[in-house]
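Quick note: residue numbers are just sequence positions, from 1. Please read these numbers as outputs of a predicted model, since none were measured by experiment.
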Amino acid sequence: RRLFFDTHALVCLLEENGFTTQQSEVIVSALVKIMDNNLDMIYKDMVTKVQQEIALQQVMSHIGGVKKDMIILEKSEFSALRSENEKIKLELQQIKKQVMDEITKVRADNKLNLNLEKSRVKELHAQQDRALTQTDRKIDTEVADLKTMLESHKLDNIKYLAGSVFTCLTVALGFYRLWI
C-alpha cells in the first residue's frame with residue numbers, strides 16, 4: 001500500500017507542536033490504521049482495472065454476439081434483444097450509482113474520523129494548558145510565601161542586631177562611666 005502523505009514529516013510536525021515522539025508516533029500510526037481500514041473498505045467495493053477490462057471484454061463480446069443474432073433473427077428477435085440490452089444498461093447504471101454512493105459514504109466516514117481525531121487532540125491540548133496554568137499558579141504562590149518568610153526573617157535579624165548593638169553600647173557606656 002502506498003500512503004499519500006509523509007508519515008515522518010507528520011511526526012516531526014507534531015513534535016514541533018509540543019507532542020513527544022511517542023505521542024506523535026501513536027497518532028500517526030492511528031491515522032495510518034484508519035486510512036488502511038478505510039482503503040480496505042474502498043478496495044472491497046471497487047472494481048479493479050483488470051476486472052473492468054474483463055467486464056468490458058465480456059460486454060463487447062456480448063454485443064458482438066447480439067449483432068450476429070440480430071442479423072440471423074432479423075426484425076422479430078431484434079426488438080426483444082433491444083429491450084434486454086436496455087435492461088442491462090439500466091442495471092449497469094444502477095450498479096454505477098451504488099458504487100458512487102459507497103464511495104461517498106466512505107469519504108464521509110473518513111472526514112468524520114479525521115474530525116474526531118482533531119477534536120481529541122484539541123481536548124488534550126486544553127487539558128495540558130489547564131495543568132500548566134495550575135502549576136504556574138502553585139509556583140507563584142510558593143514564591144510569594146518564600147518572599148514573605150524571607151522578609152520576616154530579615155526583620156527579626158535586624159531586631160536582634162539592633163538589640164545586640166544597643167546592648168554593646170550600654171555595656172561600653174557602663175564601663176566608660178565606671179572608669180571615668
Side-chain angles (χ1 to χ4, degrees), residues 1-56 89-172:
R1 285 240 166 94
R2 291 184 340 192
L3 296 176
F4 297 102
F5 67 95
D6 187 356
T7 56
H8 179 70
L10 181 56
V11 168
C12 292
L13 178 65
L14 289 172
E15 286 175 354
E16 288 172 9
N17 287 307
F19 284 90
T20 64
T21 302
Q22 185 181 13
Q23 289 173 332
S24 300
E25 289 174 355
V26 168
I27 289 171
V28 169
S29 68
L31 286 174
V32 167
K33 285 180 183 176
I34 289 170
M35 289 179 67
D36 282 344
N37 288 338
N38 288 335
L39 286 175
D40 286 341
M41 289 173 28
I42 290 171
Y43 286 133
K44 286 178 186 175
D45 295 334
M46 291 180 72
V47 177
T48 64
K49 283 185 178 182
V50 173
Q51 291 171 333
Q52 185 178 7
E53 287 176 8
I54 291 171
L56 181 63
K89 282 183 183 179
L90 289 174
E91 287 176 8
L92 284 175
Q93 287 175 351
Q94 289 175 350
I95 291 171
K96 183 179 178 181
K97 184 179 178 184
Q98 288 174 352
V99 168
M100 294 304 290
D101 290 342
E102 288 297 321
I103 289 172
T104 304
K105 287 179 186 177
V106 168
R107 285 182 182 165
D109 287 345
N110 283 344
K111 286 180 183 179
L112 178 65
N113 287 338
L114 286 175
N115 288 336
L116 286 173
E117 287 300 321
K118 284 180 186 178
S119 66
R120 287 180 187 149
V121 168
K122 285 180 183 177
E123 184 177 319
L124 181 63
H125 280 293
Q127 288 175 352
Q128 288 175 346
D129 289 344
R130 284 193 296 269
L132 284 175
T133 304
Q134 288 176 352
T135 304
D136 287 344
R137 286 181 187 156
K138 286 180 183 177
I139 289 172
D140 290 343
T141 304
E142 290 295 322
V143 167
D145 289 344
L146 287 173
K147 283 182 180 179
T148 304
M149 192 171 25
L150 181 65
E151 288 297 320
S152 171
H153 287 303
K154 205 187 281 187
L155 286 175
D156 288 344
N157 284 337
I158 290 172
K159 285 180 195 175
Y160 291 129
L161 181 64
S164 296
V165 167
F166 285 127
T167 302
C168 287
L169 279 174
T170 305
V171 169

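- Within the structure, side chain to side chain donor-acceptor pair (under 3.5 Å) contacts touching residues 113-128 (residues at least two apart or in different chains) are Glu117-Arg120.
- With sequence neighbours excluded, no residue forms a side-chain hydrogen bond (donor to acceptor under 3.5 Å, both in side chains) with Glu91.
- Across Leu14 and Ser24, no two heavy atoms sit closer than the pair CB-OG, 3.3 Å.
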What donor-acceptor contacts under 3.5 angstrom involve side-chain atoms of residues 93-103, with partners at least two apart or in another chain?
none

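- Leu169 is linked by a side-chain contact (heavy atoms from CB on, under 4.5 Å) to Val165, Phe166, counting only residues two or more places apart in sequence or in another chain.
- For Glu15, the side-chain hydrogen bond (donor to acceptor under 3.5 Å, both in side chains) partners at least two apart in sequence or on another chain are Thr21.
- Take Leu114 and apply the side-chain contact (heavy atoms from CB on, under 4.5 Å) test, not counting sequence neighbours, and it matches Leu31.
- Pairs passing the side chain to side chain donor-acceptor pair (under 3.5 Å) check and including a residue from residues 133-161, sequence neighbours excluded, do not occur.
- Remark: Thr104 OG1 to Asp109 CG distance equals 11.0 Å, nearest 0.5 Å.
- Looking at residues two or more places apart in sequence or on another chain, you find no side-chain hydrogen bond (donor to acceptor under 3.5 Å, both in side chains) involving Ser29.
- The distance from atom CG of Asn37 to atom CD1 of Ile42, rounded to the nearest 0.5 Å, is 11.0 Å.
- Not counting sequence neighbours, Ser164 has no partner by the side-chain contact (heavy atoms from CB on, under 4.5 Å) test.
- Counting only heavy atoms from C-beta outward, the side chains of Phe19 and Val26 never approach each other to under 4.5 Å.
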